[in-house]
Amino acid sequence: MSDTALRTEGLTKRFGDVVALDHLDLEVAQGEVVGYLGPNGAGKTTTIRLLLGLSRPTAGRAEIFGLDCQRKPVETHRRLAFVAGEANLWRSLTGAETLALLGRVHGQVDEAYRDELIERFDLDPTKKVRSYSKGNHQKVILIAALMVRPDLLILDEPTSGLDPLMEQAFRHCVQEARGRGQTVFLSSHMMSEVEALCDRVGILRDGKLVEMGTLAEMRHLSALTVEARFDGSIPDLSVVPGVSAVEADGSLVRCQVRGSIEPLVKVLAAAGVTELLSHEPSLEELFLAQYGEDGHAG
Amino acid sequence: MLADSGIRAQITAPVRAAGSPRTVVAAFNTRKAVRSGVLWGSIFGIAIASSEVSYVKLYKTAVQRQALAATYGTSKAASALFGPAPQLQTVSGFTVFKISMTLMVLGAVWGLLTSTRLLRGEEDSGRWDLLLCGQTTRRGATAQVIVGLGVGLGTLWAVTAIITVLSGLQSSVRISAGASLYFSLTMVATAAMFLAVGALTSQLAATRRQAASFAAVFLGISYGIRLIADAGVGLHGLIWASPLGWVEELSPLTAPQPLAFLPIAAFTVAVGSLAVHLAGRRDVGASIVADRDRGGVHLGLLYGPSGLAIRLLRARVTGWWVAIGLSAFLYGFIAKSTGATVSGSVKEVFSKLGANGNGAAAVFGLCFLLEAILIGFVAAGQVTAVRSEESDGTLDNFLVRPVSRSTWLGGRLLVALVVLVLSGIFAGVLGWLGAASQHTGLSFTSLLEAGINLVPPAIVILGIGVLTFGIRPRATSIVVYTVLGWSLLIVIVGGFGTLGHWVLDTSVFHHMASAPGVPPNWEANGIMTAVGVAAALVGGLAVRRRDLQGA
Ligand SMILES: Nc1ncnc2c1ncn2[C@@H]1O[C@H](COP(=O)(O)OP(=O)(O)OP(=O)(O)O)[C@@H](O)[C@H]1O
Ligand SMILES: [Mg+2]
C-alpha cells in the first residue's frame, strides 16, 4: 500500500480551445491537509471533477490511493467524500432524508458523529431542502461528507455561504479529521481558512501549478515587511543589500527585505532605532503579490 | 454561428431593455411565445391542408362521398372519438371530423405547456427574481407575460390561418377564405383557454411540473365529459360542461355557431384575470396551494438512485396511469354501442384510419392507437427525467459516491421499462373492464395482448432518447419530443395513402398492428424492442465515456 493519497501525472483538460488544466503534476501524502488556491477560472473545479471521474481527461492520469480515478471510480469513491461549492440536492426531501439516502449510498456511517455534526452545525433536519437557505444546503453536504469519516476529503469551496460561526465549526471538523489521520484536499478563496488549516499550499493559475510548498517555504521566497522609527536622522536604507520599496514618513521608515536580514539589522542598530516592527506576509499578501503585480491573466 | 448569434442576443437584450424598462418582461416572453406559435401554427396548418387534400384525392366522386356520409356519419364511435360528423359528403365536413378533435387537444396541450413554462418555469429557475428587481411588480410582470402569450396565440392563429386559407383556395377543395379563417380561429380557441388555465395553475402550484399536471387533469376531465356527451347515450347536454365541448359547438365549416365564442371568451378572460390577481397576492417562488416545508422522516425507497427515482416520479407516473386507465376504460365502455355502427364501407374508412376488424374490436384498435401515443409520452418523460438528473446536478451526489454510471443508468432504465410495461397492461386490463361492463364479448387475453402490444413503440422512443443522452445530452429532450411529435404528425396526416411508405415508416406507431382489431404483430414488436434496446445499449456505452454535462 502506497502512502500517497492522491497523485496526478500530466493531467490535462481542454474544453474546445480553452486549456482548463495544463499538465498538472501533483502529489498529496496520506494525512496531509493541502490547500488549493487560484483565481476564478484557474482550473480548481476542473481538477477536482477529473479526480472524481466526473470528467474525462484530455491527457494524463490521476490516481487516488493508488487506484486509477477513471477506471476504478467506485473503488476510489468508497474511500473518499466530496463537498461541492454548490449543493444540488433533491428539493422535496427533508434534510434528514437526504442524509439517510446519502449515507446508505456510501455504505458505512458514523451515526453518533452524524448527530453531533447536526448539532454543531445547528441544522434543522426536519425541514425540506427547498426551504433551506444557501448556507443550510452547504451544511447538509458538509455533514454528509464528514459523517462517513472518509480517508480522503475533497472540498471545493466548502464554506461558501456559511456564516463566521459555522465556518469556525467547519475548521474544527477539519482539524479533527487531521487528528484522525484523514487526508484533506481543500480548494478555497478564504485565505485565512487555508492559512489556518493547511500544511501545504498549491497555487494554480491558468491551469498551471505555479507554486507548491509549505507556508514557511513560500514566505521564505517572499519579502518580510519591516517598520522602524528613529530619534535622529534617517539612514539611507536603499543601499542595504536585499532591501527594497523604502518609504519614509517623518521619523518612520517602511521597507521590504528579501533573504538575510542581518545587514539591515546592523544598519538600523548603528542609526539608533527606537521602535522596530516586522511581520511575515499573510497568505493573502502572498497571493495578491503573485497575482497583483502583473494583474489577472484571465 | 449558433453560439455567436446566442451571444449577440444576450448582449443586445439588455440594451433594448434599457429603452423601455417597463415592458421588458412582455418583450422577452413575446419572443419565446411567437417562436413556438410559428412552429405549432405550421403543424396545425399542414395537418388541416393534408386532410383536405387527402379527402379530395380519396373520394373523387359524389357517389363515393354520399356512401361515406350515409354509413359513417351516424357512427357513434366516430362521434365519441372525433366529435359529430354531420357532413361527410363535403371536404369541409370531413376535414372538421378528421382533424378538429386532435388539433383541439394539441392546442390545449400547447397552451398549458407554454404558459406554465413562461410563468412557473421562469419563476422556478430564479430568473424572475432578476426581472422583478427591475421596474415591475409581480402582478405587472404576470400581466406582461400574459400579453406575450396573447401575441404568441395570435401568431399561432395567423400561421394556421394562412396555410388553411391557401389550401382552401385550391380548385378541388374550394373552401371560402372567410370559412377558413373561422375554422382556424376555432382550432386555436382551446389554446387560448388553456393558456389561461396554465397561467392560473402556475399561481396555484409549487413547481412548473405540478402546474402543468393540474392543467392536464383539467384537460382530461374536459375531454372525458365531451366524449360521454358525444357517445350517443342521451347525455348531449353535457357538452356545455366542457370547454372542449364549447369549441365543438362552434361547428366550423358545417353549421357555424359563433355564439359559442361567448363562453370561451368569458372563461379565458375570467381565468386569466384570476391568475393576475393571485400573482399579486403571493411571494415570488411561493404557491397558493400550501406546500409543506416540514415532514416526518420517510425512509421508504431511499436506498439508491432507482429507489429515489421511483419515489420522486411516482406522483407523475400515477397521473399518467390514471389518464391511460381512465381513457382505456371509457373506450371499452363505448366500444360495443359505437362498434355496432361499424360495418360495410365504414370498415374501409376505419382501416384507412389504422383500425381493422369488426365492430367493437375495430373501435378498440383505433382507440388503442391513442393509448400508444400516451405511452409514448410516458417514455419521453422517463428519458427527459433521466437527463434532468444530470443537468440539475443531483446526479453528482450519486456519482461522487460508490455508484457507477452503468449502475445508475441501468437501474433508471429498468424502472422506465417496468413503468412502460405496466402502462400497457393497465390499458389492456382497464379497456377489458370497460368492455366487460357492457358485455362486449371481447376476451381478456385479446385485450391484455393489445395492451402489451402498445409497449414496443415506446421502447423505441426510450432507446432513441438514451442514445441521444449518450452522445448529445443537451439535445435529449428536443430529440425525443421531435421523434414523438413527428410520429404523431404522420399518424394525423397519414393513413390515407397520400404519404409514401417510406414516410410512414418513420413513424414509430406505424409499425404497430392495431390490436385487438387484428392480432398483434409479434415479429414487428420484437424488432422494435431489439432496436430500442440496442440504441439504449450504445447510448449507455457513450454515457460511460463522456464528461458529465450540466444544463
Ligand atoms: N464544461 C465546461 N465547458 C467549457 N469550459 C469550461 C467548462 N468547465 C470549465 N471550463 C473552463 O475551464 C476553466 C477552469 O474552470 P474551473 O471551473 O476549473 O475554475 P475554478 O478554478 O474552479 O474557478 P472558480 O474559482 O471560479 O471556481 C475556465 O476558463 C472555465 O471557463
Ligand atoms: Mg470552482
Side-chain angles (χ1 to χ4, degrees), chain A residues 13 15-16 46 48-58 70-84 86-108 124-132 140-141 144-145 148 150 154 156, chain B residues 3 124 126 206-210 283 285-287 291-309 311-316 385 388-408 411 542-551:
Chain A
K13 180 69 185 178
F15 294 106
T46 303
I48 288 174
R49 291 183 74 80
L50 289 167
L51 289 173
L52 292 167
L54 298 177
S55 302
R56 305 288 166 197
T58 311
Q70 298 296 324
R71 268 183 254 133
K72 304 251 179 226
V74 174
E75 288 80 356
T76 55
H77 293 174
R78 279 209 181 94
R79 299 188 60 186
L80 66 81
F82 165 63
V83 178
E86 197 177 338
N88 294 309
L89 297 168
W90 302 276
R91 295 164 57 83
S92 60
L93 299 188
T94 64
E97 287 168 343
T98 307
L99 290 174
L101 171 67
L102 295 178
R104 282 171 175 177
V105 171
H106 191 276
Q108 81 278 34
D124 178 355
T126 61
K127 278 175 105 177
K128 292 231 170 116
V129 166
R130 75 165 138 261
S131 64
Y132 277 149
V140 173
I141 59 171
V148 300
I154 297 183
D156 189 3
Chain B
D124 283 353
T207 62
R208 177 195 167 189
R209 188 155 278 147
Q210 201 179 26
D283 294 345
S287 56
D291 184 32
R292 281 180 310 138
D293 277 347
R294 257 165 221 285
V297 182
H298 302 290
L299 296 183
L301 293 172
L302 292 183
Y303 286 95
S306 305
L308 180 72
R311 176 159 159 164
L312 296 182
L313 295 175
R314 64 188 164 189
R316 209 186 326 163
S388 63
E389 280 185 45
E390 181 186 17
S391 61
D392 66 19
T394 51
L395 174 60
D396 290 7
N397 293 309
F398 290 124
L399 296 189
V400 302
R401 294 189 164 78
V403 174
S404 72
R405 296 185 192 194
S406 325
T407 314
W408 165 72
V543 169
R544 285 176 51 177
R545 312 179 57 149
R546 66 169 171 83
D547 289 357
L548 244 49
Q549 294 181 27

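These values consider heavy atoms only, across backbone and side chains, with no hydrogens, waters or symmetry-generated copies. Naming: A, B, ... by sequence-line order, numbering from 1 per chain. These numbers come from a predicted model, not from an experiment.
Here the side chains of T76(A) and L51(A) are not in contact, with every heavy-atom distance at 4.5 Å or above. Taking 4.5 Å as the limit, some side-chain heavy atom of R314(B) sits within range of a side-chain heavy atom of L301(B).
If you measure heavy-atom distances from N397(B) to chain A, the contacts under 4.5 Å come from both the backbone and the side chain. Using a 4.5 Å cut-off between heavy atoms, A87(A) makes no contact with chain B at all. If you measure heavy-atom distances from R49(A) to chain B, the contacts under 4.5 Å come from the side chain alone. Interface remark: K13(A) contributes side-chain atoms only to the contact with chain B (heavy atom separation under 4.5 Å). The contact between L312(B) and chain A is made entirely by side chain atoms (from C-beta outward), counting heavy-atom distances below 4.5 Å.
Taking CG of L50(A) as the reference point, atom OG1 of T58(A) lies at 8.0 Å (rounded to 0.5 Å). Here the straight-line distance linking atom OG1 of T207(B) with atom CZ of R130(A) works out to 8.0 Å at 0.5 Å rounding. R311(B) contributes atom CZ, which lies 9.0 Å from atom CG of L101(A) (distance to the nearest 0.5 angstrom).
Under the 3.5 Å distance criterion, the side-chain polar atoms of Q70(A) are left unmatched by any main-chain donor or acceptor of R56(A). Formation of a donor-acceptor pair under 3.5 Å by the H77(A) side chain with backbone atoms of R401(B) is found in this model.
With chain A as partner, the option from L395(B), L308(B), V403(B) having the largest number of non-hydrogen pairs under 4.5 angstrom is L308(B). Of all the listed residues (L54(A), V148(A), V105(A), I154(A)), the one sharing the greatest number of non-hydrogen pairs under 4.5 Å with chain B is L54(A). Contact tally against chain A (heavy-atom pairs below 4.5 Å) for T394(B), L548(B), D392(B): the top residue is T394(B). Counting heavy-atom pairs under 4.5 Å between each of R405(B), R545(B), Q549(B) and chain A puts R405(B) at the top.
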